[in-house]
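Heads up, the thing below is written out as structure tokens.
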There are 2 protein chains.
Amino acid sequence: MVKYPAALKVFVAIDCIIFGFDGRDLKLLLVKRNLEPQKGNWSLMGGFLYPDEDLDQGAGRIVKELTGLTNIYCEQLTVKGDKNRDPGARTVSVVYFALIKIEESDEELVRSHNASWIVLERRPDLIFDHNQMVLDAIDHLRYKAALHPIGFELLSETFTIPQLQKLYEAIYDVPIDRRNFSRKLLSTSLLIDTGMKNIHSTTKKATLYRLDKVRYNEKFHAFWNFMADSSKS
Amino acid sequence: MVKYPAALKVFVAIDCIIFGFDGRDLKLLLVKRNLEPQKGNWSLMGGFLYPDEDLDQGAGRIVKELTGLTNIYCEQLTVKGDKNRDPGARTVSVVYFALIKIEESDEELVRSHNASWIVLERRPDLIFDHNQMVLDAIDHLRYKAALHPIGFELLSETFTIPQLQKLYEAIYDVPIDRRNFSRKLLSTSLLIDTGMKNIHSTTKKATLYRLDKVRYNEKFHAFWNFMADSSKS
DNA sequence: CCAAAAGTGTTGTGTATACACCCATGT
DNA sequence: ACATGGGTGTATACACAACACTTTTGG
């Protein structure tokens, strides 16, 4: 048994960037802090890593605590460890990237944590280096959604192609040709026609599809070449 | 000033996966440990994060200590923090991914650390979760090299197109058509003809190119669509 | 009947692939 | 001269972008 020098120990935090989509805008789930430090300011949902949990477990715990959801899309994004990033103490923060379906999250729970869904472009200034974390996450979302079919994680179980298109237009902030988009999506064979129509429409009712989960898992790792260009590592 | 509970502190290590290419094989720079724990077994080069350094600085320090090199391609890959990953103590390890030009590394220094360049496919079993880290890194290399021109980081300042091709064939373990490869590379306008030829060849001498660093930096983030498919996150 | 949104078709352009052919070099 | 490897050309298929047209629905 070897002893490591205890002076090297640091705090390990986990911060979660939680994206949602309401049909028009991309949103972030942010917390208005009601305890020190930085009480009253906005931040990402986070917490310290517990001694008895793995990193992914910790992220799952934090997301569940805020939204009530368990089986969501959640992946590790980066680690931030600048020596002065948290003025309270040397802290290394593992940043997680989560995509959830807003309407499945527990409103009650969200409110009780003093959190809200905030439109991405209208987000407030965040504490510490959380602003940079969000910028990293937006880059990552654009990068990843261009190559892998993760967009579905932000929509409900059934969705229409026009809804999906609005999502991609929100992610990349560009208009997309309706006809080419539709054809490309249908050719992925990831969509299953439910036979139902979107009854909420006031004009022609769009077809409701659901995701073919088997094909989704098979095809997830294959490149998609979906959006022609994006940015960032 | 707020106090965080000190019991939550953990060790933060940095482990570096260092890739090289010798013209035929992809290689890893691995260390045969000469101190406990796991003395005599192979591992990645690593160390603890110092209290007065940022994470990227720590990775730079560790790579420099082993190779003597400073301005190399080095990016954060993942964080591993399974609660039992290091039996000595709860440790979170930040894994870095580095690409270096083998011939520029300091042989003396490498030897003095009990390290060697080992052909990727013939690597020994590594300690802790280092095997998984290497697998992650190979995936990442394939993924990234398919989209961004990082291959150049593994070749010398001047290189020939056939050399570059051998590198990509090693990365993806597939044969590539010489003519299409050449055309695709030349069309990137990342290559500058040095006017020199590879004098080591025994047949027709290939043209030596060097990287257009300005264009490289401009184009780095644009997708490349280089290899048709790869795998992984 | 008309406006607005959904669905389907066509066509041109560019990019990737699969080939064939010529050139330079050392033995 | 010939074997080996480097360099250039071309035809085909396929994917993508830019378009026009038809259908459904509520008012």
Side-chain angles (χ1 to χ4, degrees), chain A residues 23-24 145-149 155-156 158-170 172 174-210 219 222-230, chain B residues 23-24 145-149 155-156 158-170 172 174-210 219 222-230:
Chain A
R24 187 166 51 229
L147 296 168
H148 303 285
L155 298 175
S156 3
T158 62
F159 51 86
T160 67
I161 290 186
Q163 281 168 1
L164 201 46
Q165 180 177 341
K166 286 203 179 61
L167 170 61
Y168 279 89
E169 289 177 330
Y172 297 101
V174 289
I176 300 175
D177 184 276
R178 193 167 42 87
R179 299 147 300 190
N180 294 333
F181 184 86
S182 169
R183 199 153 6 87
K184 194 181 282 194
L185 259 294
L186 290 171
S187 75
T188 62
S189 71
L190 289 174
L191 304 189
I192 299 176
D193 189 332
T194 63
M196 299 185 296
K197 300 283 178 180
N198 175 19
I199 57 167
H200 301 305
S201 171
T202 166
T203 63
K204 182 167 179 179
K205 284 148 176 48
T207 309
L208 280 167
Y209 292 91
R210 61 185 177 80
K219 290 200 163 191
F223 282 174
W224 207 19
N225 197 13
F226 190 71
M227 291 277 121
D229 78 302
S230 303
Chain B
R24 187 166 50 230
L147 297 168
H148 304 284
L155 297 176
S156 2
T158 62
F159 50 85
T160 67
I161 290 186
Q163 281 168 2
L164 200 47
Q165 181 177 340
K166 285 201 180 63
L167 169 60
Y168 279 88
E169 288 177 330
Y172 297 101
V174 289
I176 300 174
D177 184 276
R178 193 166 43 87
R179 296 140 313 184
N180 294 332
F181 183 87
S182 169
R183 198 154 7 87
K184 192 180 284 191
L185 259 294
L186 290 172
S187 75
T188 62
S189 71
L190 290 173
L191 304 189
I192 298 176
D193 189 332
T194 63
M196 298 186 295
K197 301 283 178 179
N198 175 18
I199 59 168
H200 301 304
S201 170
T202 166
T203 62
K204 181 169 179 178
K205 284 145 175 54
T207 309
L208 280 166
Y209 292 91
R210 63 186 176 79
K219 290 200 162 191
F223 283 174
W224 208 16
N225 197 12
F226 191 72
M227 292 275 122
D229 80 301
S230 304

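Every chain is numbered from 1, with letters handed out A, B, ... down the list of sequences. Just so you know, these numbers come straight off a predicted model, no measurement behind them.
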> What string of B, S and - do you get for nucleotides 19-27 of chain C, 5' to 3', if B is base contact, S is sugar-phosphate-only contact and - is no contact with any protein heavy atom under 4.0 Å?
Replying inline: BB--BBSS-

What pairs with [X] under side-chain hydrogen bond (donor to acceptor under 3.5 Å, both in side chains), at least two apart in sequence or on another chain?
X      : result
B/R24  : none
B/R178 : none
B/T207 : B/K197

What integer distance in Å separates [X]:[atom1] from [N]:[atom2]?
X      : N      : atom1 : atom2 : value
B/L186 : C/dA16 : CG    : C1'   : 16 Å
A/K197 : D/dT25 : NZ    : P     : 8 Å
A/I176 : D/dA18 : CD1   : P     : 12 Å
A/F181 : D/dA15 : CZ    : C1'   : 17 Å
B/H200 : D/dG6  : NE2   : C1'   : 17 Å
A/L208 : C/dA5  : CG    : P     : 18 Å
A/Y209 : C/dA6  : OH    : P     : 12 Å

> Got a second to check how far A/E169's CD is from A/L164's CG, nearest 0.5 Å?
Replying inline: 10.5 Å

>> With rounding to the nearest 0.5 angstrom, report the OG1 to CG distance, B/T158 to B/D193.
In response: 11.5 Å

> Would a distance-only check, ignoring hydrogens and angles, find a side-chain to backbone donor-acceptor pair under 3.5 Å from A/T160 to A/A206?
Replying inline: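 No; judged by distance alone, with no hydrogens or angles, the pair does not exist.
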
> Looking at residues 158-167 of chain B, who's got a heavy atom less than 4.0 Å off DNA chain D?
Replying inline: B/P162

Residues in side-chain contact (heavy atoms from CB on, under 4.5 Å) with [X], at least two apart?
X      : answer
A/P149 : A/F152, A/L190, A/Y216, A/F220, A/W224
A/L186 : A/I161, A/S182, A/L191, A/Y209
A/K204 : none
A/S189 : A/R215, A/K219

> Given axes from five pairs at either end, by how many degrees does the helix from C/dC1-D/dG27 to C/dT27-D/dA1 bend, rounded to 10°?
Replying inline: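 Overall, the helix from C/dC1-D/dG27 to C/dT27-D/dA1 bends by 0° from one end axis to the other.
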
>> How close do B/S201 and B/K205 get, counting heavy atoms only, and between which atoms?
In response: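 Taking every non-hydrogen atom into account, O-NZ, 3.2 Å.
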
> Residues two or more places apart in sequence or in another chain: which of them pass salt bridge (charged side-chain N to carboxylate O under 4.0 Å, His left out) with B/R179?
Replying inline: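 For B/R179 the salt bridge (charged side-chain N to carboxylate O under 4.0 Å, His left out) partners, ignoring immediate neighbours, are B/D177.
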
Tabulate atom names and distances for all N/O pairs under 3.5 angstrom spanning the protein and nucleotides 12-14 of chain C.
none

>> With heavy-atom distances below 4.5 Å as the criterion, would you say the side chains of A/Q163 and A/N198 are in contact?
In response: yes

